[in-house]
Amino acid sequence: MAEVSSAALDLELLRTFISVVQQGTLGAAAVQRNRTLSAISMQIKRLEEVLDTRLLIRGARGVVPTPAGEGLLREARELLRQHDNLLARFTGRGLSGKVRFGLPEDYASELVGQILPEFLASHPDVLIEAVTATSGELAEQLKRGELALAVALDQPHDLKGGEPLWKTAPVWAGARELRLDESQPLALALHPPNCPYRAIGVAALDAIERSWYPVFTCTSINALETAIAAGLAVGILDRQRLTPAMRELGEAEGLPALQPCEAQLHFGKRIPRGSRPAVDALAALVRERLLQRGPWRAPERSGWIVPGENSGTHHRYKNATAGEGKS
């Protein structure tokens, strides 16, 4: 009979490996895991010895996983999720701790409606604090260690290490009957300067030397949509947010094409050890619901109504206990 290997994986080694990949450097992982840099380095070395393969490529700007490391990352996340769920079920101790979760204002209604009720139903002892802001502001909060987890678009900031979730589809939006005079400066309804859609829109206009001016600036997506639908100004929205009162504008109106953004999942720099399992569980649910789909195309679930799929209209998510929320 062939000898059975006695090698075993220490789950803490896997947690450290995931942290290093998420943070991009051993030093940042050491801060997040509340370990010394040498301890993190030794844990990664031990994991590579147990698996007899190289998991990370080290460079001047940090580390990235090898192909073997990418495969381990996927399986390690699932293994730890199953481990934590099994432990909670048999010991009667569910997840606890506090998770400060950052969400982009433009997607907050969809993300809150789809994800948070389901998560809290499964983990009622976890305290969730959801924070909405522009992606630029969320990036600053992540850098300051104020968020444990965040979904943010990849502009206009230099934040590294985000996990890709979905591609956005920004378009120029105007009132249904709006007619533009290309000889006049373009009136815009915009979020503040740290908004990614504002950044790509302004850059596109500057590239063709089209003059513009802000008529309406606010942080609320609902107020911005109202200004656009009323014909006050042109705005930039995700294509799926267009309502029957709006239409997509483009080349025919002398407006340049807009580059898509990428929504990414980011982990905070300092996550208390007691809250780490809850953060990982919420991140796993975010991936499950949003990876390569985004909030507009999440699968229909029991108890949820998702009308207008891919119709270009607002999507509304209704739960029997939560009521109806406008996107």
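Counting begins at 1 with the first residue of the sequence.
Side-chain polar atoms of T168 and D238 form no donor-acceptor pair below 3.5 angstrom.
Using a cutoff of 4.0 Å between basic side-chain nitrogens and carboxylate oxygens, R247 and E177 are not scored as salt-bridged. Ion pairing between E140 and K143 holds under the 4.0 Å rule for side-chain N and carboxylate O. R179 has no carboxylate O lying under 4.0 Å from a charged side-chain N of E253, or vice versa, which leaves the two without a salt bridge. Between E105 and R198, none of the side-chain N atoms (NZ, or NE/NH1/NH2) sits under 4.0 Å from a carboxylate O, so this pair counts as no salt bridge. Salt-bridge annotation for R270 and E146: absent, with no side-chain N of the basic residue lying under 4.0 Å from a carboxylate O of the acidic one. A salt bridge does not link E48 with R54: none of the charged nitrogens is closer than 4.0 Å to a carboxylate oxygen.
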Take L188 and L186, measure what side chain to side chain contact (heavy atoms under 4.5 Å, CB included) needs, and give me the verdict at the end. CA-CA 6 Å; L188 293 179; L186 182 65; 3.6 Å; yes
As a quick check of understanding, evaluate side chain to side chain contact (heavy atoms under 4.5 Å, CB included) for L265 and L291, giving each step before the final call. CA-CA 10 Å; L265 182 65; L291 186 61; over 6 Å; no
Apply side chain to side chain contact (heavy atoms under 4.5 Å, CB included) to residues D206 and V202 and explain how you reach the verdict. CA-CA 6 Å; D206 289 347; V202 169; 3.5 Å; yes
Before giving the answer on side chain to side chain contact (heavy atoms under 4.5 Å, CB included), spell out for R176 and M246 the whole-Å C-alpha distance, their side-chain angles and the decisive distance to 0.1 Å. CA-CA 5 Å; R176 175 63 60 181; M246 304 175 191; 6.0 Å; no
Pair R77-E163, salt bridge (Lys or Arg N to Asp or Glu O under 4.0 Å): steps then yes or no: CA-CA 13 Å; R77 283 172 174 157; E163 299 177 25; 2.5 Å; yes
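One hydrophobic cluster holds both L80 and L51 under the rule that ILVMFWY side chains link at heavy-atom gaps under 4.5 Å. The cluster map of Ile, Leu, Val, Met, Phe, Trp and Tyr, joined by side-chain heavy atoms under 4.5 Å apart, puts V286 and L153 in the same cluster. Note on V131: it does not cluster hydrophobically with L290, by side-chain heavy-atom contacts below 4.5 Å among ILVMFWY residues. Transitive grouping of hydrophobic side chains (ILVMFWY, heavy atoms separated by less than 4.5 Å) keeps V31 and F267 in distinct clusters. Grouping the Ile, Leu, Val, Met, Phe, Trp and Tyr side chains by contacts below 4.5 angstrom, directly or via other members, places I221 apart from L138.
Counting only distance, with no hydrogens or angles, the side chain of S275 and the backbone of K98 share a donor-acceptor pair below 3.5 Å. Judged by distance alone, with hydrogens and angles left aside, the side-chain atoms of D154 form a donor-acceptor pair with the main-chain N or O of E262 at under 3.5 Å.
Inter-residue side-chain proximity for V99 and L127 is flagged as unmet; no heavy-atom pair is nearer than 4.5 Å. Side-chain contact check for T134 versus P104: every heavy-atom pair is 4.5 Å or farther apart. Between I128 and L120, some side-chain heavy-atom pair lies under the 4.5 Å cut-off. Residues F17 and I44 are in side-chain contact: their nearest non-hydrogen atoms beyond the backbone lie under 4.5 Å apart.
Here the CG-CD distance, from L26 to Q43, works out to 10.5 Å after rounding to the nearest 0.5 Å. Rounding to the nearest 0.5 Å gives a distance of 10.5 Å between CD1 of I40 and CD of Q23. The CG atom of L282 lies 10.5 Å from the CD atom of E118; values are rounded to the nearest 0.5 Å. Note that CD of E70 and CG of L55 are 11.0 Å apart. Values are rounded to the nearest 0.5 Å. The CD atom of Q141 sits 13.0 Å away from the NE2 atom of H266 when rounded to the nearest 0.5 Å. Interatomic distance, CG of L178 versus CG of L249, reported as 6.0 Å (0.5 Å rounding).
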Using distance only, find each side-chain donor-acceptor pair of residues 208-220 under 3.5 Å and give its atom names and separation, not counting sequence neighbours.
| unit_1 | atom_1 | unit_2 | atom_2 | d |
| --- | --- | --- | --- | --- |
| S220 | OG | N222 | N | 3.4 |
| S220 | OG | A223 | N | 3.2 |

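Note: W172 and Y197 fail the aromatic proximity criterion, with ring centroids not under 6.0 Å apart.
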